[in-house]
Amino acid sequence: AQTVTQSQPEMSVQEAETVTLSCTYDTSESDYYLFWYKQPPSRQMILVIRQEAYKQQNATENRFSVNFQKAAKSFSLKISDSQLGDAAMYFCAYRSYPSGGSNYKLTFGKGTLLTVNP
Amino acid sequence: GAGVSQSPSNKVTEKGKDVELRCDPISGHTALYWYRQSLGQGLEFLIYFQGNSAPDKSGLPSDRFSAERTGGSVSTLTIQRTQQEDSAVYLCASSLGHLGGNRVEKLFFGSGTQLSVL
């Protein structure tokens, strides 16, 4: 079974600064997907960014980018120019490569609470 | 509706009582998932529906938990004889459900039901 570990229960950053959230995972699979989700106080999980393991290029979505190190099984999220609205719980998640309609479950880490200071 | 709707938003119940949690997915989404988020934990998979069928119930923690889906739409998660350890946020998500191939669909989450068992 796959496991996802987020070693930073809490992080803080000054507005406009850059912060990096860490995530490591354990798997014996070679093909899979990785995700970062944001959960604001509204509780609704919002997809921030995703990475396909077969792609060497790191995914980027505006101010959000990842550092995907497949050999090290590491998947960190970098938030540039942090904004007050970025304050939330961030979850790293793993999903197996789809095959015949199976492997649809997401395995989540325990999350990192990000505080943005004005 | 425009998004995944869950009701009630919050539920307080007494130990031993039964509760029903409702999820109304996005129209046309055939896949539906229930996850549980306990305090300080990541999301834990409970059950997956494709249409009205539940091919994977492996995450249900005990036989006190059951779920059904009718008309390929609304789903109800029922917890019988609630215990204090059932206190958590119960999140529902839906997706288009086009299984097979290498497509990984985007999940759309609701805002969850906060269940408190006294």
Side-chain angles (χ1 to χ4, degrees), chain A residues 1-10 21 23-26 29-55 59 61 88-113, chain B residues 2-10 23 26 29-51 53-60 88-115:
Chain A
Q2 294 79 29
T3 60
V4 177
T5 302
Q6 294 179 250
S7 59
Q8 306 153 317
E10 298 183 22
L21 308 184
C23 172
T24 58
Y25 57 94
D26 189 26
E29 300 173 334
S30 59
D31 291 325
Y32 48 86
Y33 293 82
L34 297 164
F35 306 85
W36 278 98
Y37 279 89
K38 170 185 177 181
Q39 186 181 43
S42 68
R43 299 194 303 240
Q44 188 175 36
M45 300 284 282
I46 301 166
L47 178 65
V48 175
I49 199 166
R50 83 177 210 184
Q51 174 81 41
E52 291 87 347
Y54 63 86
K55 290 186 177 180
E61 289 286 344
M89 184 72 84
Y90 286 81
F91 291 95
C92 179
Y94 174 105
R95 177 179 168 164
S96 298
Y97 193 83
S99 59
S102 63
N103 300 327
Y104 38 77
K105 292 182 224 182
L106 288 172
T107 300
F108 288 86
K110 293 186 177 182
T112 296
L113 180 62
Chain B
V4 178
S5 177
Q6 291 189 247
S7 61
S9 178
N10 294 280
C23 173
I26 293 173
H29 280 194
T30 61
L32 186 147
Y33 310 80
W34 283 97
Y35 284 85
R36 179 170 72 173
Q37 183 179 15
S38 302
L39 189 63
Q41 302 295 315
L43 277 70
E44 170 192 16
F45 169 82
L46 296 179
I47 188 170
Y48 157 66
F49 285 94
Q50 179 58 39
S53 300
D56 189 348
K57 305 178 183 179
S58 63
L60 295 178
V89 174
Y90 290 82
L91 287 162
C92 175
S94 70
S95 69
L96 281 170
H98 294 155
L99 301 177
N102 63 356
R103 287 187 59 190
V104 174
E105 301 170 340
K106 183 176 180 179
L107 287 186
F108 294 83
F109 283 85
S111 295
T113 294
Q114 172 75 64
L115 176 65

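Proteins get letters first, then strands, A, B, ... in listed order; numbering begins at 1 in each.
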**OP:** Would you mind checking which part of B:Y35 comes under 4.5 Å of any heavy atom in chain A, side chain (CB onward), backbone (N, CA, C, O), both or neither?
**Re:** side chain
Subject >> Pick from B:E44, B:Q6, B:Q37 with the largest number of heavy-atom pairs that fall under 4.5 Å of chain A >> reply: B:Q37
**OP:** Please work out which of the three classes, parallel, tilted or perpendicular, describes the rings of A:F108 and B:F109, given edges at 30° and 60°.
**Re:** perpendicular
Subject >> Parallel, tilted or perpendicular: ring planes of A:Y25 versus A:Y94, cut at 30 and 60 degrees >> reply: tilted
Original post:
With only heavy atoms counted, which part of A:L106 is less than 4.5 Å from chain B, the side chain, the backbone, both or neither?
Top reply: both
Original post:
Hey, are the side chains of B:S95 and B:Y33 touching, using non-hydrogen atoms and a 4.5 Å cut-off?
Top reply: yes
Subject >> Polar contact flag, side-chain donor to acceptor under 3.5 angstrom, B:Q50-B:T30 >> reply: yes
Original post:
In terms of heavy-atom proximity below 4.5 Å to chain B, should A:Q6 be classed as side chain, backbone, both, or neither?
Top reply: neither
Subject >> Distance-only donor-acceptor check, side chains A:T107 and A:Q2, under 3.5 Å >> reply: no
**OP:** Check whether B:L43 gets within reach of chain A through its side chain, its backbone, both or neither, counting any heavy atom under 4.5 Å.
**Re:** both
**OP:** Please flag which part of B:S58 lies under 4.5 Å from any non-hydrogen atom of chain A: side chain, backbone, both or neither.
**Re:** side chain
